[in-house]
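Written below as structure tokens is the structure these notes are about.
Proteins get letters first, then strands, A, B, ... in listed order; numbering begins at 1 in each. Treat the numbers as computed from the prediction; the structure is a model and nothing was measured.
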Amino acid sequence: MTLSEQEIIRRESLNQLIELGINPFPSETFEVNTTTSEILEKFPADESLFQRVSIAGRIMSRRIMGAASFAELQDSTGRIQLYVKRDDVCPEDDKTLYNTVFKKLLDIGDIIGVKGFVFITKMGEITIHVQEIKLLSKSLRPLPIVKEKEDQVFDAFTDPEQRYRQRYLDLVVNPEIKNIFIMRTRLINSMRNFLNVKSYLEVETPILQPLYGGATARPFKTFHNTLDMVLYLRIANELYLKRLIVGGYDGVYEFSKDFRNEGMSRFHNPEFTQMELYVAYKDYEWMMNLVEEMVERIALDLHGSTQVLVGERLIDFRRPWKRYTMFGIIQQFTGLDISNMDESELRKTASRLHVALTPEMAKGKIIDAIFGELCEPNLIQPTFITDYPIEMSPLAKKHPTKPGLVERFEAIINGKELCNAFSELNDPIDQRQRFEAQLELGKRGDDESMALDEDFLRALEYGMPPTAGLGIGIDRLTMIMTNSPSIQDVIFFPQMRPEK
RNA sequence: GAUUCCGUAGCUCAGCCGGUAGAGCACAUCCCUUUUAAGGAUGGGGCCCUGGGUUCGAAUCCCAGCGGGAUCACCA
């Protein structure tokens with residue numbers, strides 16, 4: 001490992017600190033009694049509160065001068081200026097702490113604790129007048145420091161590769177990134193709270209599964225040595241949650257890390273988070289109302305408004321959302337009623353509409369391709385699309401009056417699917433036939449078709465109440481709620497190829 | 001996977017009509033002392049992503065590779 005000049009200098013500083021008897025990585029606690037944001041909010045209105053503050057954080061800039069210097073300290077809530085005067089920090093004759101330690105041996109990036117009182121400088125800036133200073137952790141690498149003045153930013157740390165690989169740095173240096181992840185957690189808390197108030201039970205189900213099911217996707221495969229068997233990382237948890245409904249819970253949900261061995265894009269990460277919810281004695285119409293209510297609630301909790309700016313567009317989550325059937329929306333955008341077409345007519349129609357198809361696509365996939373190409377990207381405001389073709393919905397209940405369709409909906413926002421839900425198929429004989437149809441698709445070359453899960457069928461044979469089920473993409477919802485263009489911006493450590 | 005753009009100092013970037021490697025910030029030394037993106041002066045710092053090729057000579061041109069971004073495909 002070759003060190004840069006600046007890294008060598010910092011290691012030398014580290015050694016000098018040790019020679020001066022200062023532990024650069026002390027183990028004792030440093031008691032903090034306030035935060036920068038609290039000081040900046042409440043001072044000077046509550047001046048008396050801040051006569052003896054104790055605060056810790058990272059040095060983010062320094063303006064070193066003779067007998068008195070300035071620095072900026074960043075803690076988890078923000079930044080505040082420090083005023084360090086030699087004779088206050090070193091009241092005795094020995095001025096080493098100021099002249100040598102503070103001025104020469106401390107660096108931007110070092111983590112320190114300070115004690116002192118808050119005042120306002122001549123320039124009008126709220127500042128801590130430091131009386132004690134203690135090194136809490138030495139930083140051996142220079143930070144990619146960002147300069148700001150008013151609204152301008154200089155030398156921003158922007159390289160996406162470095163930001164994702166070294167997210168810790170991104171968070172230190174780009175504070176607005178920290179806020180995105182705080183929003184993500186608040187979103188999850190809001191959703192969890194919404195579901196708990198309704199008394200649904202948060203549960204945990206297996207991530208390692210002997211059979212992967214509940215979605216159509218290629219899985220990650222792993223191996224259990226003791227059992228001597230292949231296991232899969234789950235692509236969904238649907239079939240386990242439905243088993244719990246069979247077991248007698250009325251409502252269960254899980255925030256589920258799922259894993260799909262597919263392509264990556266700004267909307268896809270190999271591991272991602274879904275929230276799946278199953279409620280007994282309900283159907284998809286009921287679930288649509290719940291989704292509207294829940295997502296509207298989340299927008300209000302996060303933004304205090306149902307309106308959220310996404311890119312250039314203002315998206316309004318206010319209920320009720322628009323609802324169209326799949327055939328209805330296709331008719332709206334193409335002027336064509338395809339509801340009674342057979343596979344060959346659909347193929348002709350698709351080619352007339354310049355929608356690309358592959359030979360193994362069956363009726364359902366063709367309809368979905370037309371929808372995905374011509375309708376979905378144009379649905380910006382929250383919109384429900386209902387009544388999907390049966391071929392692409394092997395776990396959904398048949399529509400009672402519309403042959404070939406199922407009771408299913410998706411919510412589309414900003415041209416992308418946000419959630420997927422249906423009245424769950426609870427007829428075990430029908431379910432077995434659907435699985436068998438999937439096996440046929442698999443033989444036809446569809447490598448994402450579902451496996452037949454005998455234990456799940458056995459559970460259904462004991463009887464599952466009519467149930468509404470939902471899967472909602474947490475990463476995508478976070479992208480919308482935080483106006484983030486890439487999924488990598490809402491996942492702390494997105495998947496990357498290894499360095500070097 | 002395809003197309004395209006990018007990879008130069010710790011960071012942000014210039015240099016790319018081939019001829020000794022540049023700026024700002026950061027860093028070091030000195031001066032100043034309540035500064036405001038960076039008070040002033042001086043200075044150090046580079047396998048120019050990797051490997052080949054063309055050439056007297058390559059950061060620069062060509063090829064391949066590695067890593068990344070964007071778009072598309074795939075992913076309901």
Quiz item: [X] side-chain donor-acceptor pair to [N] base, under 3.5 Å:
{"X": "A/Gln81", "N": "B/U35", "result": "yes"}
{"X": "A/Glu161", "N": "B/G67", "result": "no"}
{"X": "A/Thr127", "N": "B/U34", "result": "no"}

Rounded to the nearest angstrom, tell me the gap between atom [atom1] in [X] and atom [atom2] in [N].
{"X": "A/His129", "N": "B/U34", "atom1": "NE2", "atom2": "C1'", "result": "11 Å"}
{"X": "A/Asn174", "N": "B/U12", "atom1": "CG", "atom2": "C1'", "result": "12 Å"}
{"X": "A/Gln166", "N": "B/G10", "atom1": "CD", "atom2": "C1'", "result": "11 Å"}
{"X": "A/Phe267", "N": "B/A73", "atom1": "CZ", "atom2": "P", "result": "12 Å"}
{"X": "A/Lys85", "N": "B/U35", "atom1": "NZ", "atom2": "C1'", "result": "15 Å"}
{"X": "A/Met60", "N": "B/A26", "atom1": "CE", "atom2": "P", "result": "13 Å"}
{"X": "A/Arg11", "N": "B/A28", "atom1": "CZ", "atom2": "P", "result": "15 Å"}
{"X": "A/Gln162", "N": "B/C49", "atom1": "CD", "atom2": "C1'", "result": "13 Å"}

Could you measure between the two [atom1] atoms, the one in [N] and the one in [M], and give it in whole Å?
{"N": "B/G24", "M": "B/U60", "atom1": "C1'", "answer": "23 Å"}
{"N": "B/A38", "M": "B/G45", "atom1": "P", "answer": "26 Å"}
{"N": "B/A21", "M": "B/A26", "atom1": "P", "answer": "26 Å"}
{"N": "B/C25", "M": "B/A9", "atom1": "C1'", "answer": "12 Å"}
{"N": "B/U54", "M": "B/C62", "atom1": "C1'", "answer": "7 Å"}
{"N": "B/G46", "M": "B/G22", "atom1": "C1'", "answer": "11 Å"}
{"N": "B/C11", "M": "B/G18", "atom1": "C1'", "answer": "29 Å"}

When we call it a touch if two heavy atoms are under 4.0 Å apart, what does [X] touch: a base, just sugar-phosphate, or nothing?
{"X": "A/Arg266", "value": "sugar-phosphate"}
{"X": "A/Gln488", "value": "sugar-phosphate"}
{"X": "A/Glu5", "value": "base"}
{"X": "A/Glu125", "value": "base"}
{"X": "A/Arg163", "value": "nothing"}
{"X": "A/Asn420", "value": "base"}

To the side chain of [X], which of [options] is closest?
{"X": "A/Lys122", "options": "B/U34, B/C13, B/G67", "answer": "B/U34"}
{"X": "A/Thr121", "options": "B/A26, B/G69, B/U36", "answer": "B/U36"}
{"X": "A/Arg62", "options": "B/C27, B/U12, B/U34", "answer": "B/C27"}
{"X": "A/Ser265", "options": "B/A73, B/C27, B/G67", "answer": "B/A73"}
{"X": "A/Phe70", "options": "B/U34, B/G68, B/C27", "answer": "B/U34"}
{"X": "A/Phe157", "options": "B/C30, B/U12, B/U35", "answer": "B/U12"}
{"X": "A/Ile108", "options": "B/G68, B/A28, B/A26", "answer": "B/A26"}

(Q) Ring-plane angle category for A/Tyr253 and A/Phe255, please: parallel below 30°, perpendicular beyond 60°, tilted otherwise. (A)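 The rings of A/Tyr253 and A/Phe255 stand perpendicular, inter-plane angle above 60°.
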Check ion pair [X]-[Y] (N to O, under 4.0 angstrom):
{"X": "A/Glu343", "Y": "A/Lys348", "answer": "no"}
{"X": "A/Asp342", "Y": "A/Lys363", "answer": "no"}
{"X": "A/Asp170", "Y": "A/Lys178", "answer": "no"}
{"X": "A/Arg184", "Y": "A/Asp475", "answer": "yes"}
{"X": "A/Asp430", "Y": "A/Lys397", "answer": "no"}
{"X": "A/Arg11", "Y": "A/Glu7", "answer": "no"}
{"X": "A/Arg497", "Y": "A/Glu161", "answer": "no"}

Would you tabulate the pairs of protein nitrogen or oxygen atoms and nucleotide nitrogen or oxygen atoms of nucleotides 1-9 of chain B closer than 3.5 angstrom?
none

Looking at [N], which nucleotide sits across from it as a Watson-Crick or G-U wobble partner, both distances under 3.5 angstrom, or is there none?
{"N": "B/A64", "result": "B/U50"}
{"N": "B/A58", "result": "none"}
{"N": "B/G1", "result": "B/C72"}
{"N": "B/A23", "result": "B/U12"}

Q: Nearest-nucleotide wise, let me know which of A/Ser393 and A/Ser486 is further upstream toward the 5' end of RNA chain B.
A: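 First, find each residue's nearest nucleotide; the 5'-ward one identifies A/Ser486.
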(Q) On RNA chain B, compare the nucleotides closest to A/Met496 and A/Ala215; which residue's is nearer the 5' end? (A)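 The residue mapped nearer the 5' terminus is A/Met496.
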**Q.** Charged tip of A/Lys416 within 45° of A/Phe267 ring normal and under 6.0 Å
**A.**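 Verdict for A/Phe267: a cation-pi partner in A/Lys416.
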Q.
Distance to the ring centre below 6.0 angstrom and angle to the axis at most 45 degrees; does that hold for A/Arg408 and A/Tyr388?
A.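 Output yes; distance and angle both within limits.
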(Q) Other residues, nucleotides and ligands only: do more than 12 of their heavy atoms fall within 6.0 Å of NZ on A/Lys402? (A)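 Atom NZ in A/Lys402 is packed in, count exceeds 12.
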Q.
Please confirm whether the shortest side-chain N or O distance from A/Lys103 to OP1 or OP2 of B/A28 is below 4.0 Å.
A.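 No, no such contact exists.
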Q. Counting just side-chain N and O atoms, does A/Arg63 come under 4.0 Å of either OP1 or OP2 of B/U36?
A.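 For B/U36, OP1/OP2 do not have a side-chain N/O of A/Arg63 under 4.0 Å.
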